[in-house]
Amino acid sequence: MSRKYRGLSSIYYVWIILFIIAPIALLFYQSFFDIYGNFTFDNYISYFSSSNYIKMTLNSFLTAFLITLTTLLLSYPFAYFLTSTKYKEVFLLLVTLPTWINLLLKAYSFIGLFNKHGFLASFFAPTTGLLFTDPAFVLVASYVELPFMILPIFRALDSIPKEYVIASKDLGASGAYTFRKIILPLSKDGIIAGVQAVFIPSLSLFLITRIIGGNKIITLGTAVEEHYLVTQNWGMGATIGLVLIVLMFIVMKLLNAGWGDK
């Protein structure tokens, strides 16, 4: 490797050390101290022996699964439609445009739609409103994560050679059979990338959980926020943060092992 490329790669390694390894190492260090600064293993013992934290973990997985499933069901047909339209660039711009808006502004905009005087609530729940309900939380979180599911699926679908689909039809295959045997398998990499891009961040949501879900939806993300900003128990917050990181790596490995080699 030339000196030029070694210099460029060293920048990459420095970035990895400063912004990935160092923060995780700091979390690991903080997780062994209690609220008074004493070294202890009680944070890990409390997490794995507490039924509340286990329920939070299961609830985090359930909400992340629902958000991911919702975005996938909405994104795949839309991405498939994009591959056949003449105005791909325009629609892609409309898809990415919401990502330019601050997350807090997007979350607060839904309050006006979901409260009992809001436009959507007047149709579905005029007396109580939709705010601070599970469906509202899943819907808003799905809206926020939607571009991160659409884009990788679109890229995978758009890269499938059109000749494969034409040949399948020429051989007498139905549209459903062509989709099941050709289009879906060849787009699996985009699906995996989209699921990872949505499911993993959804495990640690806390801002949307607070604003749209209120205190009725408690996940590991809200628990981390609570320990860092309210109880000031940084050790427990760091412990939960490490658990989240480990869970994210496990999810990535399972997805790649389950679909990546098939």
Name every donor-acceptor pair, under 3.5 Å, that has one atom in a side chain of residues 76-84 and the other anywhere in the protein, sequence neighbours excluded.
| residue | atom | partner | partner atom | Å |
| --- | --- | --- | --- | --- |
| Y76 | OH | S187 | OG | 2.7 |
| T83 | OG1 | Y80 | O | 2.5 |
| S84 | OG | F81 | O | 3.0 |

Mind checking ring pair (Phe, Tyr, Trp, His ring centres under 6.0 Å) for F137 and listing every partner two or more places apart, or none if nothing turns up? none
Which donor-acceptor pairs under 3.5 Å do side chains of residues 170-183 form with protein atoms, sequence neighbours excluded?
| residue | atom | partner | partner atom | Å |
| --- | --- | --- | --- | --- |
| S174 | OG | Y177 | N | 3.2 |
| T178 | OG1 | S168 | OG | 2.7 |
| T178 | OG1 | S174 | O | 2.9 |

If we ignore hydrogens and angles and just use 3.5 Å, is the side chain of N256 paired with the main-chain N or O of M252 as donor and acceptor? yes
Test of understanding: with ring pair (Phe, Tyr, Trp, His ring centres under 6.0 Å), list the residues that count as partners of F48, not counting sequence neighbours. none
W15 vs I20 side-chain heavy atoms within contact, under 4.5 Å: yes
Listed pairs under 3.5 Å, donor-acceptor, residues 145-156 side chains, sequence neighbours left out:
none

Tell me, please, which residues at least two apart from D42 pass side chain to side chain donor-acceptor pair (under 3.5 Å). T40
Filter on salt bridge (charged side-chain N to carboxylate O under 4.0 Å, His left out), then keep only pairs touching residues 224-252, sequence neighbours left out; what's left? R210-E225, R210-E226
Results of ring pair (Phe, Tyr, Trp, His ring centres under 6.0 Å) for F132 - residues two or more places apart only: none
Give me each pair satisfying ring-ring contact (aromatic ring centres under 6.0 Å, His included) with a member in residues 191-236, each pair once, sequence neighbours excluded. F61-F199, Y228-W234
In chain order, what residues pass the ring pair (Phe, Tyr, Trp, His ring centres under 6.0 Å) check against F249, with sequence neighbours excluded? none
Holding to salt bridge (charged side-chain N to carboxylate O under 4.0 Å, His left out), I want the full list of residues that pass it with K88, two or more places apart in sequence or in another chain. D158
Supply the members, apart from L105, of the Ile/Leu/Val/Met/Phe/Trp/Tyr cluster built from side-chain contacts under 4.5 Å; use none for a lone residue. I101
